[in-house]
Amino acid sequence: MTTYECILLAAGEGQRAALGYNKVLYKINGVNELYRYSLDFFLKDEYCKKVVMVINEKDKLYFKNVFKTLKSNKIDFVVGGDTRGQSVYNGLKKIDSEYCIIHDSARPLIYKEDVYNLLNSATETGGATLATKVYNTTCHIVDGYVDEYFSRHSLASIITPQCFRTSMLNEAYEDANKKGLSFTDDSSIFKACGNSVKLVFTDNISIKATTSYDIKLLEGLLYATHR
Ligand code: CTP
Ligand code: MG
């Protein structure tokens, strides 16, 4: 299997979680900060050669101290931008490997088998994203009413991690920046540039800490699984 470097995103503000500080710094069950779950995963993974943590300017001092105590030669960091896309773009400048994995540190549940499936797919296609099946009936909305139903069998929910050939993702970002386009994730940027995105489905649960409710849910799950 190929080695890779990882861009771990932590540069948001966590506005919807409304904690008054960046949600990725929230201490789950009073023990580990939210971002530590994915940081520890990538630091431990032998195929991961470097973790570029993308941090918020406001948290710079905090993270500098953490990195000092962790004493890992695998960690590098960069300050993020106003949008998630700008944060990834800043992180990309520090990537030296042929393949990069991008992950939201707000998603603490991460599994080795998913990461390896993702890597194997990306080496075949150039770009792959982890995805989950959709179990609810879904529709398009107009003015608060159902406009059109979608067959859930032809839908996927796209999550992170995602993996790309670094040169192809760089090109996609430059293209999107030139055209002034912005997207909510990297697979859409990659696709908009004409590339194919391979979907790698998982049955493992992935929750992004978005609201305070998600954080409570994650605390329960991580407590129950002794993590
Ligand atoms: N992120 C980032 N840089 C940004 C915005 C987001 O690195 N400018 C990161 C967040 O830290 C998070 C991930 O991207 O790990 C997913 O974003 P989201 O869940 O939207 O986090 P926030 O932007 O922090 O939350 P909110 O949108 O509620 O303010
Ligand atoms: Mg956001």
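Remember, it's 1-based here, ligands and their atoms both numbered in the order they're listed.
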Nearest heavy atoms of Ile159 and Thr202, plus distance in Å: CD1-CG2, 4.3 Å

Asn22 side chain to Asp59 side chain, donor-acceptor N/O pair below 3.5 angstrom: yes

Under 4.0 Å from ligand 1, counting heavy atoms only: the protein residues, by chain and number: Leu9, Ala10, Ala11, Gly12, Glu13, Gly14, Gln15, Arg16, Lys23, Gly81, Asp82, Thr83, Arg84, Ser87, Asp104, Ser105, Ala106, Lys208

Approximate separation, where rounding is to 0.5 Å, of Leu199 CG and Ser187 OG: 8.0 Å

Which donor-acceptor pairs under 3.5 Å do side chains of residues 176-184 form with protein atoms, sequence neighbours excluded?
{"residue": "Asn177", "atom": "ND2", "partner": "Tyr173", "partner atom": "O", "Å": "3.4"}
{"residue": "Lys179", "atom": "NZ", "partner": "Asp175", "partner atom": "OD2", "Å": "3.1"}

I'd like a table of donor-acceptor pairs (distance under 3.5 Å, sequence neighbours excluded) in which one partner is a side-chain atom from residues 138-150, with atom names and distances.
{"residue": "His140", "atom": "ND1", "partner": "Asp147", "partner atom": "OD2", "Å": "2.9"}

Qualifying salt bridge (Lys or Arg N to Asp or Glu O under 4.0 Å) pairs, either residue in residues 188-203, two or more places apart: none

